[in-house]
Amino acid sequence: ADWDRVFVAAGNRVDVLINNAGGGLKVAPLTDYSDEEIIQSIAINLTGALLGCRRAAAVMIPQKSGLIINISSVCAHYGWPGFAVYTAAKAGLDKMSRALYTELRPHNVRVTVVTPSWGDTNFNVAAGLPPPTADLAAQMMSSDQMGDLIVQLCEFHDHLVFPEIMVQPVVQEINPF
């Protein structure tokens, strides 16, 4: 219903959809999740984006233009203990974005998945993890930096597309990368 209200308000034209909703509800072994927590995490991190993309595509295909940006997570590519549910949802978002790119490209609709790593967000607090130190937070991607990246993607030449952009702080080591 929320998506329907958004697209009714948008009218007959949608140039950009940015799916940035998501969250780490919990970081714990899979066996510590209830069925409801799994369903909620998948809904927040994957299902909502699918519903928005379906509606945006229905508008963008006939107008022969548009840009869909889905914000994923480095967890879509790597696995860490306690992240199974979040990883599954973000990997689904990543793969859905790639499939949607191939589906919409013939209609001149671009799809990009932005895959950030550490960001200075409330993820840790929401997931019940300790917050990063001030020194580390200062080296993470800020919300302003993410916003700058998204604006640059939106303003880039509409005959070119970045199917995926992965961003991570230099200080973050991922082994194996």
Side-chain angles (χ1 to χ4, degrees), residues 1-25 30 38-80 83-119 121 123 141 143 145-169 172 174-177:
D2 289 340
W3 277 119
D4 290 336
R5 284 191 291 277
V6 166
F7 280 90
V8 165
N12 296 330
R13 181 157 189 93
V14 175
D15 294 311
V16 178
L17 170 67
I18 301 167
N19 279 308
N20 190 38
L25 304 177
L30 181 60
I38 292 171
I39 291 166
Q40 182 183 18
S41 183
I42 299 295
I44 290 170
N45 292 294
L46 175 59
T47 307
L50 276 163
L51 298 175
C53 286
R54 181 178 71 81
R55 286 163 175 82
V59 175
M60 292 175 175
I61 289 171
Q63 73 188 25
K64 298 276 188 219
S65 67
L67 172 62
I68 295 172
I69 300 173
N70 293 320
I71 310 299
S72 184
S73 165
V74 71
C75 290
H77 296 275
Y78 306 100
W80 289 279
F83 281 83
V85 175
Y86 182 75
T87 294
K90 290 302 186 177
L93 180 63
D94 178 80
K95 297 307 179 194
M96 180 275 291
S97 299
R98 293 165 190 271
L100 193 60
Y101 164 77
T102 64
E103 187 175 313
L104 297 180
R105 188 183 60 78
H107 304 284
N108 200 40
V109 176
R110 299 170 294 147
V111 178
T112 297
V113 61
V114 175
T115 306
S117 188
W118 285 347
T121 67
F123 181 95
M141 183 177 218
S143 56
Q145 291 165 333
M146 175 62 93
D148 290 345
L149 174 60
I150 299 304
V151 167
Q152 289 171 10
L153 287 171
C154 293
E155 292 177 341
F156 206 76
H157 307 280
D158 62 2
H159 68 284
L160 299 172
V161 65
F162 297 91
E164 178 185 21
I165 295 178
M166 186 180 286
V167 182
Q168 82 178 59
Q172 184 182 22
I174 298 177
N175 283 323
F177 190 77

Open item on the list: Minimum heavy-atom separation for Val16 and Cys154, please, with both atom names.
Closed with: CG1-SG, 3.8 Å
Open item on the list: If I compare all heavy atoms of Gly22 with all of Asn45, which pair ends up nearest, and what's the gap?
Closed with: CA-OD1, 3.2 Å
Task: Note, Asn12 side chain near Val59 side chain (heavy atom, < 4.5 Å) - done: no
Open item on the list: When you measure from the side chain of Ser41 to the backbone of Ile38, do you find a donor-acceptor pair of N or O atoms at a distance under 3.5 Å?
Closed with: no
Task: Close side-chain approach of Met60 to Ile68, heavy-atom, < 4.5 Å - done: yes
Open item on the list: Looking at Asp4, I want to see if its CG is surrounded by more than 12 non-hydrogen atoms of other residues, nucleotides or ligands under 6.0 Å.
Closed with: yes
Open item on the list: Is there a side-chain contact between Tyr101 and Asn70 in this structure, where contact means two heavy atoms from C-beta onward sitting under 4.5 Å apart?
Closed with: no
- [ ] In sequence, state the C-alpha distance, the side-chain angles, and the governing distance for Lys90 and Thr115, and then conclude on side chain to side chain contact (heavy atoms under 4.5 Å, CB included).
- [x] CA-CA 9 Å; Lys90 290 302 186 177; Thr115 306; over 6 Å; no
Open item on the list: Can you tell whether the side chains of Arg98 and Asp94 come within less than 4.0 Å, N to carboxylate O?
Closed with: yes
Open item on the list: On a heavy-atom basis, which atom in Leu17 and which in Cys53 lie closest, and how many Å separate them?
Closed with: CD2-N, 3.8 Å
Task: Note, Val114 side chain near Leu153 side chain (heavy atom, < 4.5 Å) - done: yes
- [ ] For Ile42 and Ala89, work out which heavy atoms get closest and say how close.
- [x] CD1-CB, 3.7 Å
Task: 4.5 Å side-chain heavy-atom contact, Gln145 and Val167 - done: no
- [ ] Kindly compute the distance separating CD1 (Ile18) from OG1 (Thr112), expressed to the nearest 0.5 Å.
- [x] 10.5 Å
Open item on the list: Rounded at 0.5 Å granularity, tell me how far CE in Met96 sits from CG in Leu50.
Closed with: 4.5 Å
Open item on the list: Once you measure the plane-to-plane angle for Trp3 and Phe7, does it fall in the parallel (<30°), tilted (30-60°) or perpendicular (>60°) bin?
Closed with: tilted
Open item on the list: Return the CE to CG distance between Met141 and Asp148, rounded to the nearest 0.5 Å.
Closed with: 8.5 Å
Open item on the list: Holding to salt bridge (Lys or Arg N to Asp or Glu O under 4.0 Å), I want the full list of residues that pass it with Asp15, two or more places apart in sequence or in another chain.
Closed with: Arg13
Open item on the list: Let me confirm one number: the OG-CG distance from Ser72 to Asn19, rounded to the nearest 0.5 Å.
Closed with: 11.0 Å
- [ ] Find the distance between NZ (Lys95) and CG (Leu100) and round it off to the nearest 0.5 Å.
- [x] 14.5 Å
Open item on the list: Testing Ile165, Leu149, Ile150 one by one against Ile69 for a side chain to side chain contact (heavy atoms under 4.5 Å, CB included), which residue passes?
Closed with: Ile150
TODO: Please name the pair of heavy atoms, one in Pro62 and one in Ala57, separated by the smallest distance, quoted to 0.1 Å.
DONE: CD-O, 4.3 Å
- [ ] Quick one: pull up OG in Ser65 and NE2 in His107 and give me the separation to the nearest 0.5 Å.
- [x] 12.5 Å
List the atom pairs, donor and acceptor, that lie under 3.5 Å between side-chain atoms in residues 155-162 and the rest of the protein, sequence neighbours left out.
none

